[in-house]
Student: 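The structure's right below; bear with me while I get my questions together.
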Number of protein chains: 2
Amino acid sequence: MLFSKGCTYAIRASLLVTTKEIKDGRKFIPIRELSDELDLSFHFLTKIMQVLTEAKIMESFRGPNGGVGLARPAREITLIDVIAAVDGLDLFSECALGLPGCGEKTPCPLHAAWAKRREDLHRMFEKTTLAGLAKELELNALRH
Amino acid sequence: MLFSKGCTYAIRASLLVTTKEIKDGRKFIPIRELSDELDLSFHFLTKIMQVLTEAKIMESFRGPNGGVGLARPAREITLIDVIAAVDGLDLFSECALGLPGCGEKTPCPLHAAWAKRREDLHRMFEKTTLAGLAKELELNALRH
DNA sequence: GATATATAAGATACAAGAGTCTTAAATCTG
DNA sequence: CAGATTTAAGACTCTTGTATCTTATATATC
Ligand code: SF4
Ligand code: SF4
């Protein structure tokens with residue numbers, strides 16, 4: 001898999017929080033509500049949301065009417081932010097073969113082809129904001 | 001990581017076998033020689049080469065002067081063959097978010113962008129043959 | 001203040017990946 | 001045939017990722 005389970009959960013949950021914030025105008029969404037709708041473990045999602053909170057992508061609030069919400073406007077949060085917080089960015093800097101000490105100076109024969117696509121992927125996730133995804137989701141009634 | 005450790009070892013070892021076959025004209029290379037030069041565990045590499053042998057990518061021969069060698073001409077073995085044998089091709093058919101039952105009919109908002117790059121990656125590994133890599137390696141004195 | 005609701009934090013359990021080791025079978029050489 | 005070499009097969013260990021569970025802590029409502 002390209003991303004860890006936790007990372008994909010983080011993306012899906014962030015997107016759901018975004019749509020709920022935009023559509024219903026709510027500031028904090030309980031994690032239980034998210035885990036129910038996304039059909040995944042509440043406890044596991046809790047831990048992941050804690051990571052996003054620590055990374056200043058989410059804000060949290062305890063007690064009744066508490067939950068998690070975006071710490072910044074949805075158009076300022078990119079998928080790279082979420083990926084970096086959960087999985088790190090090794091995928092976009094390390095290489096397909098993972099040779100020790102590899103790089104531009106001493107490349108393996110796969111380097112040119114892989115590095116190009118690696119950077120393209122990085123740019124793609126960097127340009128994709130939660131606001132953009134939420135908008136696309138609403139326009140086309142896509143799944144989440 | 002994009003590929004498992006075993007898969008990257010498989011690629012590196014296949015490539016080394018290819019260059020040895022081409023340059024030295026040897027049919028079988030002992031796995032110990034490969035593991036020594038690639039600086040990785042002999043026993044682990046043995047297990048991986050067994051997978052490649054089972055997949056008809058390599059041929060093996062026991063006893064003195066034995067070892068492993070390419071089962072087909074190097075220009076007919078692609079990286080996709082090696083990847084498919086060790087890691088499988090899920091990476092190129094599954095999606096970034098791994099939603100259950102996802103696909104063209106009910107796509108998530110990431111689908112279009114990801115599917116395009118996923119197929120591009122698949123094509124890249126499909127077009128890359130061991131012979132091509134070995135040639136590039138020799139021409140430019142690249143690492144392996 | 002008492003109680004219910006929610007996240008925070010960390011202990012624990014389970015599964016999968018990565019790596020090691022041992023024994024068996026095949027092959028060559030002398 | 002005897003002994004050395006080399007892969008085959010599988011048991012075993014260690015580490016990491018995934019998931020669950022329990023106990024704290026903060027907050028709101030009454
Ligand atoms: S040279 Fe490039 S492609 Fe090759 S192992 Fe290093 S980073 Fe990866
Ligand atoms: S719709 Fe496409 S991008 Fe979205 S989860 Fe499914 S395969 Fe992946």
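Naming: A, B, ... by sequence-line order, numbering from 1 per chain.
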Student: Could you state the CD-P distance from A:Gln50 to C:dA6, rounded to the nearest angstrom?
Tutor: 16 Å
Student: Side-chain N or O of A:Thr46 versus OP1/OP2 of C:dT7: is the shortest distance under 4.0 Å?
Tutor: no
Student: Whole angstrom is fine here: how far is it from CG in A:Leu40 over to P in D:dT18?
Tutor: 13 Å
Student: Just checking A:Phe125 against A:Phe3, ring centres under 6.0 Å apart?
Tutor: yes
Student: For B:Arg123, what residues pass the side chain to side chain contact (heavy atoms under 4.5 Å, CB included) criterion, not counting sequence neighbours?
Tutor: B:Glu119, B:Asp120, B:Glu126
Student: How long is the line joining NE2 of B:His43 and P of C:dT23, in whole Å?
Tutor: 12 Å
Student: Choosing from C:dT7, D:dT20, C:dG19, which nucleotide comes nearest the side chain of B:Phe44?
Tutor: C:dG19
Student: Measure from CG on A:Leu45 to P on D:dG17 and round the result to the nearest Å.
Tutor: 19 Å
Student: When you get a sec, tell me which of D:dT7, C:dC21, C:dT7 is the closest nucleotide to the side chain of A:Ser60?
Tutor: C:dT7
Student: Could you say whether B:Pro30 or B:Lys47 is positioned toward the 5' end of DNA chain D, judged by the nucleotide with the nearest heavy atom to each?
Tutor: B:Pro30
Student: Could you tell me which residues satisfy salt bridge (Lys or Arg N to Asp or Glu O under 4.0 Å) with B:Glu54, sequence neighbours excluded, listed by chain and number?
Tutor: none
Student: Between A:Lys20 and A:Glu33, is there a salt bridge with N-O shorter than 4.0 Å?
Tutor: yes
Student: Any sub-3.5 Å donor-acceptor pair from B:Arg118's side-chain atoms to B:Ser93's backbone N or O?
Tutor: yes
Student: Could you give the CZ-to-C1' distance, from A:Arg32 to C:dA8, as a whole number of Å?
Tutor: 15 Å
Student: Round to a whole Å and report the spacing from CD of B:Glu54 to C1' of D:dA9.
Tutor: 11 Å
Student: Can you find an N or O donor on one side and an acceptor on the other, under 3.5 Å apart, linking the side chain of A:Lys5 with the base of D:dG17?
Tutor: no
Student: Side-chain heavy atoms nearer than 4.5 Å, only ILVMFWY residues, links allowed to pass through others: does that put A:Leu38 and A:Ile11 together?
Tutor: yes
Student: List every contact pair, protein side and nucleotides 28-30 of chain C side both N or O, where the distance is under 3.5 Å.
Tutor:
| from | atom 1 | to | atom 2 | distance (Å) |
| --- | --- | --- | --- | --- |
| C:dC28 | O3' | B:Asn65 | ND2 | 3.4 |
| C:dT29 | OP1 | B:Asn65 | ND2 | 3.4 |

Student: Measure CZ/A:Phe28 against C1'/C:dT5 and give the value in whole Å, please.
Tutor: 15 Å
Student: One thing to verify: whether A:Glu138 and A:Lys23 come together as a salt bridge, which I'm taking to mean a side-chain N less than 4.0 angstrom from a carboxylate O.
Tutor: no
Student: CE of A:Met1 versus P of C:dA16: gap in Å, rounded?
Tutor: 13 Å
Student: Please tell me if A:Ser41 has a side-chain N or O lying less than 4.0 Å from either OP1 or OP2 of D:dA19.
Tutor: no
Student: Just to confirm, is there a sub-4.0 Å distance from OP1 or OP2 of D:dT18 to any side-chain nitrogen or oxygen of A:Tyr9?
Tutor: no
